[in-house]
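The residues of the chain are indexed from 1 along the displayed sequence.
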Amino acid sequence: MSVIAIDIGGTEIKYGLVSLRGEVIFSSSLLTEASKGVEQLLEKIYKIVEELKNEKVLGIAVSATGQIDGTIGKVVGGTNLIPGWIGTNLVEILEERYKIPAVLENDVNCAALGEMWMGAAKGKENFLCLTIGTGIGGGIVLNGELLRGENSVAAEFGHIQIVKNGIQCGCGKKGCYQGYASTTALLRLAKEKTGKKLNGKEIFDEVHKNSMEYKEIVDEWADYFTDGLATLVYIFNPSLIVIGGGVSKQGEFLKNIFEKSLEKKVMKNYLDILEIKMAERGNDAGMLGATYLLLKKIK
Ligand SMILES: [Zn+2]
């Protein structure tokens with residue numbers, strides 16, 4: 001038995017089959033082509049389901065970008081990256097069409113659950129997940145369950161204001177956390193300071209070559225990152241913070257920079273029980289977390 005798992009990102013749709021024990025049996029991907037709108041996206045989802053569906057498939061588990069009410073499986077907010085996406089009740093559409101159970105949940109919430117089920121947060125019940133990418137996404141797990149909030153849009157860490165009258169954010173407000181601590185922000189900072197346009201990996205490559213200039217840039221960016229992180233530590237008193245997104249490939253090196261920076265901002269008793277870990281399931285985390293939720297729904 002298996003589950004069809006689909007992870008819809010802004011640029012790519014990852015999909016595959018996941019076993020009931022959390023093994024990714026098969027996976028592939030295709031381009032989202034977000035700007036073509038929701039009808040095109042639905043056609044792609046149908047194609048994936050029809051390619052993978054057989055009598056051994058228990059349901060369809062979808063992780064997706066945007067603000068999603070996972071309790072009903074509907075997109076309730078976010079940016080207009082995929083025209084028409086907001087307002088779509090994907091679970092209703094899929095269950096009606098294929099007569100098998102479906103779930104839809106926000107991608108970072110899914111990543112958190114995927115890491116809890118099969119990755120860096122195994123055995124943990126109180127932890128936070130942050131993904132650093134174009135923006136900053138968040139997931140909160142308390143007592144082994146997602147904290148969704150009244151509107152099911154809790155954990156939008158990226159839009160916490162950390163600088164007064166700061167950089168304009170895509171959400172319409174100014175000074176948001178993600179404007180200073182996302183990968184986008186790191187690239188901007190590096191360009192401002194050096195005049196050169198490097199990508200994230202190239203910036204870290206420079207640091208590994210002992211460039212003081214780039215080390216200072218990364219330290220400044222990490223300082224913004226832990227400004228937000230410190231606030232979250234005081235609110236949630238987590239035992240673990242899992243950091244995902246492309247920069248998590250920097251592993252222990254970046255983890256140490258974050259830890260040193262956080263030490264200056266948070267009291268010792270919070271830090272004594274706190275572990276920072278880089279995500280372990282990378283690209284699979286969203287599919288795994290969505291599958292975890294589907295299996296819970298079926299039970
Ligand atoms: Zn914002």
Might you point out which heavy atoms bring [X] and [Y] nearest each other, and give the distance in Å?
X      : Y      : answer
Gly179 : Arg188 : O-NH1, 2.8 Å
Gly286 : Ser63  : O-CB, 3.5 Å
Ala290 : Val103 : O-CG2, 3.5 Å
Ile276 : Leu262 : CD1-CD2, 4.1 Å
Asn106 : Asn109 : OD1-N, 3.1 Å
Glu202 : Lys197 : OE1-O, 4.4 Å

What's the separation between atom [atom1] in [X] and atom [atom2] in [Y], rounded to the nearest 0.5 Å?
X      : Y      : atom1 : atom2 : answer
Lys53  : Ile48  : NZ    : CD1   : 15.0 Å
Lys56  : Leu58  : NZ    : CG    : 11.5 Å
Lys124 : Cys129 : NZ    : SG    : 14.5 Å
Met287 : Ile4   : CE    : CD1   : 12.0 Å
Leu232 : Thr226 : CG    : OG1   : 11.0 Å
Glu51  : Ser28  : CD    : OG    : 7.0 Å

Contact between [X] and [Y] at the side-chain level, heavy atoms closer than 4.5 Å - yes or no?
X      : Y      : value
His159 : Cys169 : yes
Leu142 : Ile140 : yes
Leu240 : Val242 : yes
Ile203 : Asp205 : no
Phe204 : Leu198 : no
Lys44  : Ile13  : yes
Val163 : Tyr224 : yes
Met278 : Leu254 : yes

Following the transitive rule for hydrophobic clusters with a side-chain heavy-atom cut-off under 4.5 Å over Ile, Leu, Val, Met, Phe, Trp and Tyr, establish whether [X] and [Y] coincide in one cluster.
X      : Y      : result
Leu293 : Ile8   : no
Tyr214 : Met212 : no
Tyr292 : Val62  : no
Val3   : Ile45  : no
Ile243 : Leu146 : no

message: For Phe258 and Trp221, take the angle between the two ring planes, folded into 0 to 90°, and tell me which bin it lands in: parallel under 30, tilted 30 to 60, perpendicular over 60.
response: tilted
message: Once you measure the plane-to-plane angle for Phe157 and Phe236, does it fall in the parallel (<30°), tilted (30-60°) or perpendicular (>60°) bin?
response: tilted
Ignoring hydrogens and angles, tell me if any N or O in the side chain of [X] forms a donor-acceptor pair with the backbone of [Y] under 3.5 Å.
X      : Y      : value
Thr194 : Ala190 : yes
Asn199 : Lys201 : yes
Asp69  : Val76  : no
Gln161 : Cys176 : no
Ser152 : Arg148 : no
Thr32  : Ala34  : no
Ser2   : Leu17  : no
Glu92  : Glu96  : no
Ser182 : Gln178 : yes
Tyr180 : Phe225 : no

message: I'd like to know whether Glu263 forms a salt bridge (charged side-chain N to carboxylate O under 4.0 Å, His left out) with Lys260, so could you lay out the CA-CA distance, the side-chain angles of the two residues, the decisive distance to 0.1 Å, and finally the verdict.
response: CA-CA 5 Å; Glu263 266 170 33; Lys260 270 207 190 103; over 6 Å; no
- request: Go through the side-chain N and O atoms of Tyr98 and Glu50 and say whether any donor and acceptor fall under 3.5 Å apart.
  value: yes
Donor + acceptor pair across side chains of Ser19, Glu23 (<3.5 Å): yes
message: Would Leu274 and Ile241 count as a side-chain contact (heavy atoms from CB on, under 4.5 Å) here? Give the steps.
response: CA-CA 8 Å; Leu274 172 65; Ile241 296 173; 3.8 Å; yes
- prompt: Going by an N to O cut-off under 4.0 Å, is there a salt bridge joining Asp223 and Lys265?
  reply: yes
task: Look at Glu206 together with Lys209 and state whether they make a salt bridge at an N to O cut-off of under 4.0 Å.
output: yes
If you count every heavy atom of other residues, nucleotides or ligands that lies below 6.0 Å from [X] atom [atom1], does the total exceed 12?
X      : atom1 : value
Glu192 : CD    : yes
Lys277 : NZ    : yes
Lys297 : NZ    : yes

task: Give the C-alpha distance, both sets of side-chain angles, the deciding distance and a yes or no for side-chain contact (heavy atoms from CB on, under 4.5 Å) between Arg281 and Leu288.
output: CA-CA 9 Å; Arg281 297 313 303 253; Leu288 289 169; 3.6 Å; yes
query: Does the gap between the ring centers of Tyr234 and Tyr270 come in under 6.0 Å?
result: yes
task: Output, in order, the C-alpha distance, side-chain angles, deciding distance and verdict of side-chain contact (heavy atoms from CB on, under 4.5 Å) for Thr134 and Thr183.
output: CA-CA 6 Å; Thr134 318; Thr183 308; over 6 Å; no
task: Quick one: do Ile86 and Gln67 satisfy side-chain contact (heavy atoms from CB on, under 4.5 Å)? Show the steps, please.
output: CA-CA 8 Å; Ile86 297 170; Gln67 295 177 4; over 6 Å; no
task: Would you mind telling me which of Glu213, Glu216, Glu220 makes a side chain to side chain donor-acceptor pair (under 3.5 Å) with Lys193?
output: Glu220
